[in-house]
There are 2 protein chains.
Amino acid sequence: MSRMMEEIREQPQALRKTFEAERAHAVEFKKFASRRDFRLIVLVARGTSDNAALFGRYLLEITTGIPVSLCAPSVHTLYGTRLNLRHALMIGISQSGEGTDINSVLKSARKQGAFTVAVTNEAKSTMTRVVDESFLVRAGRQKSVAATKTYTGQLLVLYLLASALGSHIELDAVSEIPGHVRETLRLSAEIGEMVERYRYMRQCAVVARGMNYANAFELSLKLMETCYVVAERFSSADFLHGPIAMIERDFPVILFAPPGKTLAGQQSLIKRLKGLNAETLAISSVETRLPGVTRMIRVPGKMGEIYTPIPYIVPGQLFAAQLAEVKGIDPDRPRSLQIVTQTF
Amino acid sequence: MSRMMEEIREQPQALRKTFEAERAHAVEFKKFASRRDFRLIVLVARGTSDNAALFGRYLLEITTGIPVSLCAPSVHTLYGTRLNLRHALMIGISQSGEGTDINSVLKSARKQGAFTVAVTNEAKSTMTRVVDESFLVRAGRQKSVAATKTYTGQLLVLYLLASALGSHIELDAVSEIPGHVRETLRLSAEIGEMVERYRYMRQCAVVARGMNYANAFELSLKLMETCYVVAERFSSADFLHGPIAMIERDFPVILFAPPGKTLAGQQSLIKRLKGLNAETLAISSVETRLPGVTRMIRVPGKMGEIYTPIPYIVPGQLFAAQLAEVKGIDPDRPRSLQIVTQTF
């Protein structure tokens with residue numbers, strides 16, 4: 001079994017451990033945050049962690065009402081901009097905690113008045129030393145080049161942070177996520193058979209909106225780095241502004257289609273794509289088959305839309321890891337990549 | 001000649017007209033803005049206009065020091081979030097001014113305390129009626145489905161807004177941009193010959209960083225909608241975090257490589273890609289040939305990095321419009337697209 005597959009399977013335990021270990025920390029942080037009057041949240045990350053940041057962008061803004069910005073690191077590192085960050089909370093996200101540019105942004109933001117928080121898998125990393133407060137993902141050392149358990153762990157910590165920032169996140173619902181992931185892992189064999197169909201897929205688009213938008217980026221990144229599939233990623237809304245023109249028969253579209261606010265739009269997109277003779281593959285916990293869809297991966301269990309992103313990425317991880325093997329690629333040895341990538 | 005090509009060629013005049021007409025307005029707005037104490041800028045747009053917003057994200061943050069956020073419209077339209085937008089300036093960007101979701105976000109942001117500004121090509125659009133203040137792109141009616149003159153017009157207005165928000169943008173340097181664009185249009189025949197090489201290109205990546213990052217999105221969108229090329233777009237820094245694994249011999253990478261802060265990184269990326277046997281095509285005003293590059297489009301003239309994005313997108317527009325014709329596609333009739341796309 002590949003390391004990537006091993007780490008995918010470690011997720012229920014890693015998520016449980018992260019939740020149990022950081023829950024009390026979040027409650028403690030809530031008292032502090034209520035006194036600080038944060039008026040802006042800035043998220044800063046790279047690679048897979050930046051996809052977690054994109055999730056945080058939606059989760060935190062929707063549940064706390066505090067405006068959120070995704071940091072452009074070069075604004076700080078290359079252009080040396082000094083921002084007014086009083087009343088800002090800056091959250092750095094990094095698996096290793098050793099991304100030089102991210103740490104440099106956190107350091108300079110702290111000088112510019114921001115309160116800085118690290119979300120990392122490595123307690124003794126540089127990142128934990130440069131910030132005011134650290135929340136730890138307890139996923140165990142990441143050995144796979146393609147991040148899986150650290151991505152979902154970062155998402156889980158972001159739920160805890162949302163809760164600490166006064167949102168209506170229900171920690172009981174969050175505590176059920178590891179169980180949903182365990183159930184979803186049972187789809188492994190079914191997805192292993194399904195990937196046969198995609199053996200010769202060279203390109204695809206992954207489309208989502210709202211809470212699962214970040215998952216479109218994350219699944220697309222997994223397909224690019226482990227399967228060398230050219231995977232475009234779009235918000236369903238932006239997809240209609242141009243990119244849909246390139247869709248044709250051999251260009252499948254993978255959609256995240258959770259119950260909730262985005263479902264109607266995803267359903268009408270599936271129908272439109274059928275009209276263009278494009279195949280679709282939907283990841284959904286909706287119980288009935290979505291009309292017009294070519295293939296569907298049904299995520300088991302019932303959960304509110306806001307709690308779907310962690311269970312929903314799991315079929316995507318299983319898909320990428322197993323498609324890589326069917327394509328004869330070792331997902332643990334992607335061409336041209338290392339675990340820690342340095343940017344200056 | 002295609003309408004797209006006609007509108008590309010109208011740009012020097014459209015930019016000159018926009019600059020002359022809105023310059024005094026920006027000076028006037030500066031007095032107002034200095035009294036308002038804006039602490040956050042939020043940009044909201046879709047499609048090509050969202051690429052202009054991405055440019056604004058860098059320009060405004062780097063030159064004003066005010067934190068900038070790119071709005072996720074669904075946070076407002078689907079999830080009905082109420083944000084604390086006191087001291088926020090929200091800038092909506094839309095060619096037609098009729099994007100229903102963008103206008104709805106502007107309306108609700110105004111209720112939540114934001115001062116709202118429209119940047120649009122249509123003076124009598126819905127957008128100009130729902131905002132506090134409108135800045136007009138004077139590009140004349142857009143008839144091409146693929147936006148070109150309105151994109152560069154939006155960028156020009158964003159320079160004026162940056163100047164109004166107290167940045168060090170030199171209006172004299174901005175006034176030179178239409179002339180740079182006129183010079184750059186002379187590359188048309190050269191690029192028309194160059195696109196022959198790319199007749200059978202089916203996929204590529206467009207890579208940039210910082211001030212030209214938005215141009216990577218914009219060129220990639222033009223290639224997707226007018227040439228049906230699967231064009232990935234990345235920041236050079238994120239590109240190394242995974243996507244570079246998919247690069248191989250038949251996967252060319254187009255790079256924006258202006259002189260300035262991002263040049264060293266782009267040059268080292270070109271060398272790395274050469275090592276992977278990938279072709280590169282650089283758009284640059286650097287006078288010498290970049291070492292290791294396969295093809296280069298040299299933008300004429302000397303300009304500071306911050307003033308490069310408008311002239312630099314022009315070769316990309318000429319490339320997409322002429323590649324479409326070489327591929328036998330009418331760039332004015334992209335499959336499945338209309339000029340005004342509605343999202344709900």
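Everything numeric in this text was worked out from a predicted model, so none of it was measured. Throughout, a chain's letter reflects where its sequence line sits, starting with A, and its residues are numbered from 1.
At a 4.5 Å heavy-atom cutoff, the contact between B/Glu232 and chain A is made by backbone and side-chain atoms alike. The contact between A/Gln203 and chain B is made entirely by side chain atoms (from C-beta outward), counting heavy-atom distances below 4.5 Å. Residue A/Thr226: no heavy atom, backbone or side chain, is found under 4.5 Å from chain B. For B/Val42, no part lies under 4.5 angstrom from a heavy atom of chain A. Interface remark: B/Tyr213 contributes no atoms to any contact with chain A (heavy atom separation under 4.5 Å). Heavy atoms of B/Leu221 lying under 4.5 Å from chain A belong exclusively to its side chain. Residue contact with chain A, scored on non-hydrogen atoms closer than 4.5 Å, involves the backbone and the side chain of B/Arg233 alike. The contact between B/Glu305 and chain A is made entirely by side chain atoms (from C-beta outward), counting heavy-atom distances below 4.5 Å. Contacts of B/Thr64 with chain A are absent, with no heavy-atom separation under 4.5 Å from either backbone or side chain.
Judged by distance alone, the side chain of A/Tyr79 and the main-chain N or O of B/Met211 form a donor-acceptor pair under 3.5 Å. With B/Gln95 contributing its side chain and B/Ser49 its backbone, the two residues share no donor-acceptor pair below 3.5 Å. Under the 3.5 Å distance criterion, the side-chain polar atoms of A/Lys222 are matched with a main-chain donor or acceptor of A/Ala147. Side chain of A/Asp332 to main chain of A/Val145: no donor-acceptor pair is present (N/O by atom type, distance under 3.5 Å, no hydrogens or angles).
Highest contact tally toward chain B, considering only A/Ser220, A/Pro73, A/Cys71, A/Ser74, is held by A/Ser74 [criterion: heavy-atom pairs under 4.5 Å]. No other option in A/Arg202, A/Arg57, A/Gln112 has as many heavy-atom pairs under 4.5 Å with chain B as A/Arg57. By number of non-hydrogen pairs under 4.5 angstrom with chain A, the leading residue of B/Val230, B/Ile66, B/Asn84, B/Thr262 is B/Val230. Chain A forms more heavy-atom pairs under 4.5 Å with one residue of B/Ala231, B/Ala264, B/Ser235 than with any other, namely B/Ala231. Contact tally against chain A (heavy-atom pairs below 4.5 Å) for B/Glu61, B/Arg82, B/Arg86: the top residue is B/Glu61.
In summary, the side chains of B/Thr148 and B/Gln317 do not present any donor paired with an acceptor at a separation below 3.5 Å, with no hydrogens or angles considered.
Of all the heavy atoms in A/Leu85 and A/Met90, the pair that sits closest is CD1-CE, 4.4 Å.
Of the inter-residue distances, the one linking A/Leu263 atom CG with B/Leu78 atom CG reads 11.5 Å to the nearest 0.5 angstrom. Taking CG from A/Leu40 and NE2 from A/His87, the interatomic distance works out to 11.0 Å, rounded to the nearest 0.5 Å. Note: A/Thr81 OG1 to B/Leu60 CG = 11.5 Å, rounded to the nearest 0.5 Å.
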